[in-house]
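A quick write-up on the structure given underneath.
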Number of protein chains: 2
Amino acid sequence: MASQTEENYLKSLFNLANEKSEVNISELATQMQVSMPTVNSMVKTLQKNEWLIYEKYKPVTLTPKGKKEAALIIRKHRLTEMFLVNKMGFGWEEVHEIAEQVEHIHAPKFFERMDEMLGYPTIDPHGSPIPDKQGRIQEINYLSLSDCKAGQTVILAALTNSSTEFLEFLNGRNLSLGTELKITSKEGYDQSIVVSYLDHSSETLSEKVCEKLLVKVLE
Amino acid sequence: MASQTEENYLKSLFNLANEKSEVNISELATQMQVSMPTVNSMVKTLQKNEWLIYEKYKPVTLTPKGKKEAALIIRKHRLTEMFLVNKMGFGWEEVHEIAEQVEHIHAPKFFERMDEMLGYPTIDPHGSPIPDKQGRIQEINYLSLSDCKAGQTVILAALTNSSTEFLEFLNGRNLSLGTELKITSKEGYDQSIVVSYLDHSSETLSEKVCEKLLVKVLE
DNA sequence: CAATTTTGTTAGATAGATCTAACAATGTAG
DNA sequence: CTACATTGTTAGATCTATCTAACAAAATTG
Ligand SMILES: [Mn+2]
Ligand SMILES: [Mn+2]
Ligand SMILES: [Mn+2]
Ligand SMILES: [Mn+2]
């Protein structure tokens, strides 16, 4: 059974491997906030457990077994976040830190019961997909708001970043998942976008914000 | 901050210290399922953190600081058990193992929210008192069923043992907290007690069982 | 009270997770 | 292509939590 530490490495590996599939030691060290030698020794451990493939001086790759293990931890994380928001009344900006701990609990029934109480959700409070019990993850191809054009109407569907600060920024502007945004204009100079929604008739969002907002285009 | 291991030692110390106040190294080793040298080195660590008082060859004693720390972990454990039973539909025989893990989560809001949702309960699903936020524990003096006499009517209020096996034994006989028991007779030879309750007109309970059942006497 | 048993301590080892310092391989930019 | 920067590895140390073997103190018992 994976230790709490190993589980956190697997999760980081899984997230960093989106698309590229390969992960550098230095990337992983940055992500995990540990030194490169620490990562070096940990990848050797993970390799012994057949969770990843490692060759000296090469980037590492998760094995199918490692991917499944990681996805199942991410499943527990996201179910927990959903439970905290929908069943315990937490704000979406408060749940990540708690889920970071709860995800390591070994009690299948606990998470099955959450799942059941939530009605088998497929996305978490930040719009990220919840892997199924087999560790399969359904990839949804949203568009980034920064790739949208003036005149389009879109629905805010997910975020590429769920830091507390960013979520509080969105809270401050009444922006939540499902909000319908009309794109009034786009500034060519700094790529900022002006949107209207709810009782906000004109809100300017910087490119930095727009690229973190994933949307479904309505028209 | 106490490690998960230290937290488990503190909890064991607190539970073993009921009444006697002092705890032997060997008792603690048995309880924690580790060797005596392991306990010996751990008590030195706990002493450095001022959670207990230790002198060579003497039994150890928790300091007030250590008692409070322990009581607050027990609070998290018992709130969790109550939440699992009352809000998530678990049976009282399923929750201890899960709570044993959840009690180590560092997230005051998480437990405050549980407390609030539960309506600030004072006892857990096994009838044990839930320490308050200051770590104060309200001692309730129940009588053991084994000390009751024929003719008395009592209400099952708590258990001195909450092992899954014992709880399943009680489930099998429809015995739950709050059940009113009429003591039909008591066998002088083996101290077994015959009770009637609900649709059970004559159930014989061995001394071993009776001493684990804590009751309030009605008449 | 002396012998034996139980309880507790010390020493030394191991495994996991981390670090720094030193060095080696790889990649990049002039 | 060489120099420099970046990336990765090795060696060796530390800290936590655990173990066994050996020994010492305390308690029990005849
Ligand atoms: Mn999260
Ligand atoms: Mn985590
Ligand atoms: Mn319990
Ligand atoms: Mn525990």
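Protein chains get the first letters and strands the later ones, always in sequence-line order, with residue 1 at the start of each.
- Residues forming a side chain to side chain contact (heavy atoms under 4.5 Å, CB included) with B:Gln138 (at least two apart in sequence, or on another chain): B:Thr122, B:Pro129, B:Ile140.
- The side chain to side chain contact (heavy atoms under 4.5 Å, CB included) search around B:Thr63 returns B:Ile53, B:Lys65, not counting sequence neighbours.
- Side-chain N/O atoms of A:Thr38 include one lying less than 4.0 angstrom from OP1 or OP2 on C:dC19.
- The side chain to side chain donor-acceptor pair (under 3.5 Å) check on B:Asn15 picks up nothing, with sequence neighbours excluded.
- Among residues two or more places apart in sequence or in another chain, the side chain to side chain contact (heavy atoms under 4.5 Å, CB included) test is passed with B:Gln191 by B:Lys186, B:Glu207.
- Atom CD of B:Gln33 is separated from atom C1' of D:dA17 by 16 Å (rounded to the nearest Å).
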- Query: Using a cut-off of 4.0 Å between protein heavy atoms and nucleotide atoms, how would you tag nucleotides 8-16 of chain C 5' to 3' with B, S and -?
  - Reply: BBB------

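- Residues passing the side chain to side chain contact (heavy atoms under 4.5 Å, CB included) test with A:Leu16, sequence neighbours excluded: A:Val23, A:Glu27, A:Leu28, A:Gln31.
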